[in-house]
Each structure stands twice: as structure tokens, then as C-alpha cells.
Amino acid sequence: EGESFLQVAGIADRRIAVGSTDAYRVAFDAGDVPWLRGYCHFLAAFCDMVLAYDHQRLFDYCGQLVYTKIERSDPALAKLDIGPGEDWSARLADAIAAIHLMNFPCIEADRMKSAHEHLLAMIRTSRESWALILAETDNDDEWLPNPAQTGRLQVPVTREMIDSWHGVLAEMEAILQGEKLVPFWRVYARWIGPGVKIPATGPGVNLKRFFLEPREFDLVLIIQGSGVLPYVEEGPLSRPETWDNLQRVFGGRFFGFAAWFN
């Protein structure tokens with residue numbers, strides 16, 4: 001019951017009287033069909049990315065941090081189980097080990113290609129969704145409203161927001177297609193002091209190649225930079241000004257709107 005749509009929606013909108021069957025009436029229409037398909041593509045992409053890599057060692061050594069009853073590949077590792085009264089130091093040691101073990105061999109490369117295709121399909125269905133939503137002339141308990149409608153969430157959606165969202169889709173598509181690169185943080189990021197201004201072109205990570213030419217996924221080395229060196233090349237960069245403008249248009253709530261707009 002805690003995973004029903006009504007319960008989840010109640011987290012985002014406290015005005016919903018959770019538990020009442022009439023509390024949250026939404027009239028889903030044609031524009032919401034590609035919207036839901038887009039979410040399915042997103043979830044499928046996430047699952048493909050997880051299943052592309054082998055997480056067995058992390059699960060065997062640190063699964064006790066999350067699960068109370070686990071079946072490891074080596075039963076002898078059951079000695080690592082955390083008892084109900086065990087000291088917090090064991091959990092801290094396991095957490096440190098978990099970071100160390102976030103080094104996953106790629107075992108199903110085709111799943112990364114599939115994830116890439118799902119993400120591109122998510123962008124396509126989002127465009128289809130908004131084309132249908134903008135063509136609507138009714139105003140009937142809308143899930144995603146156009147500027148002339150009142151949405152069920154009572155959150156106004158302006159034409160500037162929709163146009164900016166299309167800009168997001170174009171930027172994401174350019175990154176996924178390798179037409180724009182993710183700035184290589186080793187060059188531009190600074191832990192102390194002001195960061196380096198990101199130019200129009202420079203060294204960046206080709207995300208398309210990350211999906212189509214997958215290697216092992218080592219979180220620590222990716223953060224350090226060496227883990228993505230095989231994908232670093234010179235070219236046009238996705239610049240932070242693009243994303244900063246989105247925060248302005250969406251009143252600093254871009255990620256909340258992104259989860260809603262899909």
C-alpha cells in the first residue's frame with residue numbers, strides 16, 4: 001500500500017488526503033501516454049546499467065549493510081553478518097569497504113547499448129508528450145497542464161518553462177549522441193578556490209562512447225579522473241550556463257520539475 005500512486009503523490013503534494021479514493025482524481029489523456037512510456041524507458045535504462053556490471057563481491061562482503069538475510073556466493077562469509085547489538089564500528093568498516101569494492105567488471109556490454117537506446121527513447125517520448133499536451137483545449141484534472149490549463153498539482157506551467165524543457169532535451173540528446181562533451185572535471189573543477197571557467201570547446205567525456213564502449217566501472221577512479229580517460233577527447237562542451245539558466249526559469253526547483261516533466 002505504501003507504494004501506491006496515491007501514497008507517492010502524497011509525498012509531493014501534502015494537500016492530498018491520502019487514503020480517500022476520491023482524494024486525487026486525474027484525467028489522464030493522450031499526452032500522458034508517451035509521458036509514462038518515457039518513465040518506463042528511464043527505469044529500463046537504469047536496470048540495464050545496473051545489470052551490465054558484476055556487483056557480486058560488493059554484495060558478498062557488504063550486503064549486510066542493507067539486508068538482514070542474504071545468500072552469498074561463499075557461505076563462509078556469513079561471519080560478516082551484523083548482529084542486532086553489534087557495535088557501529090563494524091558498520092563503519094563495512095561502509096569503507098563498500099567504497100573500495102565499487103569496482104565492477106562489465107559482464108554484459110550489450111546492456112549499456114540498450115540503456116543508451118532507452119535514454120534516447122525517453123527524450124523522444126518527452127517531445128511527443130509535450131506536442132500533444134500543447135494541443136489540448138480542455139481543462140479536466142490535468143496531470144501535466146499546458147499554460148492555458150490548471151494542473152491537478154495546482155503548479156502553474158508557463159510557456160517559458162516548456163521551451164526551456166525542450167532546451168534540456170536538446171542538451172541531453174547532444175550529450176548522449178557525443179555531439180557535446182561533459183567537461184572533464186579533472187581540468188576544470190577545483191576543491192579549493194574558484195573553479196576554472198569552462199570554454200566552448202576543450203577536453204571532455206564522450207558519454208556516447210561510455211555507453212557503447214563500456215569498461216569496468218571503478219567509482220573511485222572515475223572521481224579521480226583516470227577511470228574516464230579512455231572517453232576523454234577534445235570537442236564542444238556542455239556548459240554550466242545552460243543549466244544555470246534552467247534553475248532561473250524553474251525558480252530553483254528544476255530537479256523537482258524534471259522528475260514531474262520527465
Side-chain angles (χ1 to χ4, degrees), residues 1-5 7-8 10-11 38-122 175-176 178 182-187 189 191-192 204-233 255 258-259 262:
E1 292 183 1
E3 297 177 359
S4 70
F5 180 80
Q7 291 280 353
V8 174
I11 298 173
Y39 259 105
C40 291
H41 282 299
F42 172 77
L43 293 173
F46 177 80
C47 291
D48 273 334
M49 290 173 67
V50 171
L51 294 172
Y53 297 94
D54 184 358
H55 310 85
Q56 188 65 51
R57 288 184 70 220
L58 175 63
F59 180 80
D60 281 346
Y61 295 171
C62 301
Q64 64 274 6
L65 278 170
V66 180
Y67 304 103
T68 56
K69 296 180 180 180
I70 61 177
E71 293 185 14
R72 298 178 171 88
S73 60
D74 182 358
L77 294 173
K79 297 182 180 66
L80 294 172
D81 284 349
I82 300 174
E86 193 157 350
D87 188 78
W88 63 268
S89 57
R91 294 185 179 276
L92 177 61
D94 288 346
I96 295 171
I99 296 173
H100 174 71
L101 291 168
M102 288 183 182
N103 177 5
F104 309 127
C106 182
I107 53 174
E108 294 188 56
D110 286 346
R111 284 192 178 275
M112 289 298 287
K113 180 181 178 182
S114 174
H116 185 256
E117 292 170 351
H118 278 300
L119 291 173
L120 289 173
M122 177 188 71
I175 292 172
L176 286 170
V182 178
F184 184 40
W185 44 94
R186 180 88 182 187
V187 174
W191 293 106
I192 301 175
V205 177
N206 187 324
L207 205 61
K208 180 178 182 179
R209 291 181 53 216
F210 175 82
F211 281 96
L212 301 188
E213 304 169 24
R215 301 168 179 245
E216 70 175 8
F217 184 96
D218 190 317
L219 179 64
V220 173
L221 293 185
I222 287 175
I223 294 172
Q224 183 251 353
S226 59
V228 294
L229 279 179
Y231 312 113
V232 174
E233 55 190 58
F255 292 105
N262 182 30

Listed partners of [X] passing side chain to side chain donor-acceptor pair (under 3.5 Å), at least two apart:
X: D48; value: R111, S114
X: H118; value: H41
X: R57; value: none

Using the salt bridge (Lys or Arg N to Asp or Glu O under 4.0 Å) rule, collect all pairs that involve residues 64-79, keeping only residues at least two apart or in two chains.
-> R72-D81
Sequence neighbours left out, what pairs pass salt bridge (Lys or Arg N to Asp or Glu O under 4.0 Å) with at least one residue falling in residues 214-230?
-> none
Using the test salt bridge (Lys or Arg N to Asp or Glu O under 4.0 Å), find all partners of D60 that sit at least two apart in sequence or belong to another chain.
-> none
Non-neighbouring partners of E213 that pass salt bridge (Lys or Arg N to Asp or Glu O under 4.0 Å), sequence neighbours left out | R209
Going by the rule ring pair (Phe, Tyr, Trp, His ring centres under 6.0 Å), which residues pair with [X] if we only count those two or more places apart in sequence or in a different chain?
X: Y53; value: F217
X: F210; value: Y231
X: H55; value: F104
X: Y61; value: none

Separation of [Y] [atom2] from [X] [atom1] (nearest 0.5 Å):
X: L119; Y: K208; atom1: CG; atom2: NZ; answer: 13.5 Å
X: L43; Y: M122; atom1: CG; atom2: CE; answer: 10.5 Å
X: L120; Y: F211; atom1: CG; atom2: CZ; answer: 9.0 Å
X: I223; Y: I99; atom1: CD1; atom2: CD1; answer: 8.5 Å
X: M112; Y: L51; atom1: CE; atom2: CG; answer: 11.5 Å
X: L229; Y: I222; atom1: CG; atom2: CD1; answer: 11.0 Å

Between D94 and Q64, what is the shortest heavy-atom contact and its length?
-> OD2-NE2, 3.0 Å
Which atom of L176 lies closest to which atom of H116, heavy atoms considered = O-NE2, 2.7 Å
Residue pair V182, I175: steps toward the side chain to side chain contact (heavy atoms under 4.5 Å, CB included) verdict | CA-CA 7 Å; V182 178; I175 292 172; 3.9 Å; yes
Decide side chain to side chain contact (heavy atoms under 4.5 Å, CB included) for L65 and R91; before the verdict, give the C-alpha distance in whole Å, the side-chain angles of both, and the deciding distance to 0.1 Å.
-> CA-CA 7 Å; L65 278 170; R91 294 185 179 276; 4.2 Å; yes
Could I get the full list of side-chain contact (heavy atoms from CB on, under 4.5 Å) partners for A109, not counting sequence neighbours?
-> C106, P214
Decide yes or no on side chain to side chain contact (heavy atoms under 4.5 Å, CB included) for F59 and L77, but give the supporting numbers first.
-> CA-CA 11 Å; F59 180 80; L77 294 173; over 6 Å; no
Can you list the steps and then say if N103 with L58 is a side chain to side chain contact (heavy atoms under 4.5 Å, CB included)?
-> CA-CA 9 Å; N103 177 5; L58 175 63; over 6 Å; no
Return yes if some donor-acceptor pair links the side-chain N/O of Q224 with the main-chain N/O of S226 below 3.5 Å, else return no.
-> yes
